[in-house]
Amino acid sequence: MKTIIIGRTSVSVLAGDITVWSGDIIVNAANSGLLGGTGVDGAIHRAGGPEIMEQCKEIRKLQGGCPPGHAVITSAGNLDVKHVIHTVGPIWEGGGHGEELVLAECYRSSLQLANEVGASSIAFPNISTGIYGYPKAPACDIALKAVTEYLREDQADNRLERVDFICFDTENAELYANRLDRYALG
């Protein structure tokens, strides 16, 4: 739908279902309990099968879940990717409770984890814009800014060649596509 290039990484906006995307890693907009849920979380768990849930339960045993802004990784089960990164976005409380920082950290921690496992491609959903109620326009700007800033940092370990934003609904797809150029130059 729309693509910009930052260094050696293409950043694209696509409309569709993240569970059918093909690449190295998809990001799941998880809840802190890592026990599946609705929206993209439920879709990923359904499409990926029980293997993902079993690994999420192991993570819960080890560290008690995943706090907002952090990310953990599992295998992908039946999905056509290598891994699923689960990150927990903020619940919108009006914008005065650090939601912007937490949301930006979701993207940064997911990208860092993807690089740690040597991924060359990653796909993000629109984190926190569903049941967590984050307004779509500011969430879009935070996502695009966090990802493009991360890619511009001088990182010898950045192996990412492709970052895709997979927008399930038309409103988000148009929003991301229309705003992507703002972040092309920094």
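Numbering of residues begins at 1 and proceeds along the displayed sequence. As the structure is a prediction and not an experimental result, all values here were calculated from the model.
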Heavy-atom side-chain contact between [X] and [Y] under 4.5 Å:
X	Y	value
Thr87	Ser109	yes
Ile6	Tyr183	no
Trp21	Asp164	yes
Cys56	His45	yes
Pro90	Ser128	yes
Arg182	Leu144	no
Phe168	Ile18	no

Closest approach of [X] to [Y] (non-hydrogen atoms, all atoms of both residues):
X	Y	value
Ile4	Asp181	CG2-OD1, 3.9 Å
Ile122	Ser110	CD1-O, 4.0 Å
Gly36	Asp41	C-OD2, 3.2 Å
Ala30	His86	CB-CB, 3.9 Å
Ala47	Thr19	CB-CB, 3.9 Å
Thr3	Ser10	CG2-CB, 3.9 Å

(request) May I ask you to check whether Tyr150 and Asn115 show a side-chain donor-acceptor distance below 3.5 Å? (result)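 Yes, a side-chain donor-acceptor pair sits under 3.5 Å.
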
(message) Within the 3.5 Å criterion, strictly below it, is a donor on Glu51 or Ser75 matched to an acceptor on the partner's side chain?
(response)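 Side chains of Glu51 and Ser75: pair found under 3.5 Å.
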
Going only through I, L, V, M, F, W and Y residues with side-chain contacts under 4.5 Å, is there a path from [X] to [Y]?
X	Y	result
Val27	Val117	yes
Ile142	Val88	no
Leu111	Ile25	yes
Ile44	Leu34	no
Val11	Tyr176	yes

(message) Is it the case that over 12 heavy atoms from other parts of the model lie below 6.0 angstrom from the CD1 atom of Ile131?
(response)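 No, CD1 of Ile131 has 12 or fewer neighbouring heavy atoms, counting only those of other groups under 6.0 Å.
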
(message) For the OH atom on Tyr132, are there more than 12 heavy atoms of other groups (residues, nucleotides or ligands in this structure) within a distance under 6.0 Å?
(response)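 Yes.
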
Does the [X] side chain pair with the main chain of [Y], one donor and one acceptor, at a distance under 3.5 Å?
X	Y	value
Arg162	Ser120	no
Ser121	Gly23	no
Asn28	Val84	no
Arg152	Val147	no
Gln63	Ile59	no

(request) Please test Glu105 against Arg108 for salt bridge (Lys or Arg N to Asp or Glu O under 4.0 Å), starting from the C-alpha separation and ending with a verdict. (result) CA-CA 5 Å; Glu105 192 56 30; Arg108 283 191 293 271; 3.2 Å; yes

(message) Can you tell me which residue among Leu103, Ile127, Ile91 is in a side-chain contact (heavy atoms from CB on, under 4.5 Å) with Tyr134?
(response)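 Answer after filtering Leu103, Ile127, Ile91: Leu103.
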
(message) Using the side-chain contact (heavy atoms from CB on, under 4.5 Å) definition, which of the options Val20, Ile85, Val81 pairs with Ile26?
(response)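 That would be Val81; it is the only one of Val20, Ile85, Val81 passing the side-chain contact (heavy atoms from CB on, under 4.5 Å) with Ile26.
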
(message) Test side-chain contact (heavy atoms from CB on, under 4.5 Å) on His83 and Leu113; report intermediate values, then the result.
(response) CA-CA 11 Å; His83 302 283; Leu113 194 49; over 6 Å; no

Measuring from [X]:[atom1] to [Y]:[atom2], what's the distance to the nearest 0.5 Å?
X	Y	atom1	atom2	answer
Arg46	Ile52	CZ	CD1	12.0 Å
Asn172	Ile166	CG	CD1	12.0 Å
Ile5	Glu161	CD1	CD	11.0 Å
Trp92	Glu100	CH2	CD	8.5 Å
Cys66	Ile73	SG	CD1	12.0 Å
Glu58	Thr74	CD	OG1	12.0 Å

(message) Under a 4.0 Å threshold between the charged nitrogen and the carboxylate oxygen, would Asp169 count as salt-bridged to Lys136?
(response)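 A salt bridge links Lys136 with Asp169.
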
(request) Please step through side-chain contact (heavy atoms from CB on, under 4.5 Å) for the pair Arg159 and Arg8, ending with a clear verdict. (result) CA-CA 9 Å; Arg159 296 176 184 90; Arg8 60 187 218 105; 4.1 Å; yes

